[in-house]
Amino acid sequence: QVHLVESGGSSVQPGGSLNLSCTASGSEFISSNYYMGWFRQAPGKQREAVAAIYVRGGATYYAKPVKGRVTISLDKAKNTLYLQMDNLKPEDSAVYYCASAYPWTGYAGLDASAYKTWGQGTQVTVSS
């Protein structure tokens, strides 16, 4: 069974930046996907999409609250997915999860229900 492990979460001040990483335990697992994504869940709120990427072609998808402030990318050679977050706001505070839609080969985009494998999450706290 493949495991996804997130890292890079931290406490930062508003306006700060973070770069989250998600590494898959299986060799070349990232490349086997059609879609991978980042989601987040704040206390008392439902899990929501942040960003997704079509691994085969590179198309990216962003949720409206973060569009223009985050960038999703991947490094197939390192089997790693990234989420660069800039100009962070207090409302960005949440546990951030990496997810894989494998073996689904249809469209997934920002639809959490299409994602089958999830990491354990990494905490992001934005506070002054």
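Treat the numbers as computed from the prediction; the structure is a model and nothing was measured. Note that these values count all heavy atoms, side chains included, but never hydrogens, waters or copies made by symmetry. For reference, positions follow the sequence shown, starting with 1.
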Check: For the residue pair Y35 and G106, what are the closest heavy atoms and their distance?
Finding: CE1-O, 3.3 Å
Notebook entry, point to check: Do M85 and R69 come within less than 4.5 Å of each other through their side chains, counting heavy atoms only?
Noted result: no
Note to self: Which label fits Y54 and Y34: parallel for a plane angle under 30°, tilted from 30 to 60°, or perpendicular past 60°?
What the structure shows: tilted
Next item on the list: Tell me yes or no: between the side chains of S100 and N33, is some donor less than 3.5 Å from an acceptor?
Entry: yes
Checklist line | Side-chain heavy atoms of L4 within contact of T23, under 4.5 Å | finding: no
Margin query: Here's one to test your reading of the geometry: is the NZ or CZ of R47 within 45 degrees of the ring axis of Y97 and under 6.0 Å from its centre?
Written below: yes
Notebook entry, point to check: Can you find a pair of side-chain heavy atoms, one from N19 and one from L83, that are under 4.5 Å apart?
Noted result: no
Check: Who pairs with D86 by side-chain hydrogen bond (donor to acceptor under 3.5 Å, both in side chains), at least two apart in sequence or on another chain?
Finding: S17, Q84
Checklist line | S113: partners by side-chain hydrogen bond (donor to acceptor under 3.5 Å, both in side chains), with sequence neighbours left out | finding: D111
Notebook entry, point to check: Should V124 and R40 count as side-chain neighbours, where that means a heavy-atom distance under 4.5 Å?
Noted result: no
Note to self: Could you work out, with side chain to side chain contact (heavy atoms under 4.5 Å, CB included) as the rule, every residue matching K67, not counting sequence neighbours?
What the structure shows: Y62
Check: Are P90 and P14 close enough that some pair of their side-chain heavy atoms sits under 4.5 Å apart?
Finding: yes
Checklist line | Student check: side-chain heavy atoms of Y82 and L20 closer than 4.5 Å | finding: no
Check: Between W118 and F39, is the gap from one ring center to the other below 6.0 Å?
Finding: yes
Margin query: Side chains of V5 and Q120, heavy atoms from C-beta outward: is any pair under 4.5 Å?
Written below: yes
Notebook entry, point to check: Is any side-chain heavy atom of I72 closer than 4.5 Å to a side-chain heavy atom of L81?
Noted result: yes
Note to self: Check the orientation of F29 and Y102. Use parallel for under 30°, tilted for 30 to 60°, and perpendicular for over 60°.
What the structure shows: perpendicular
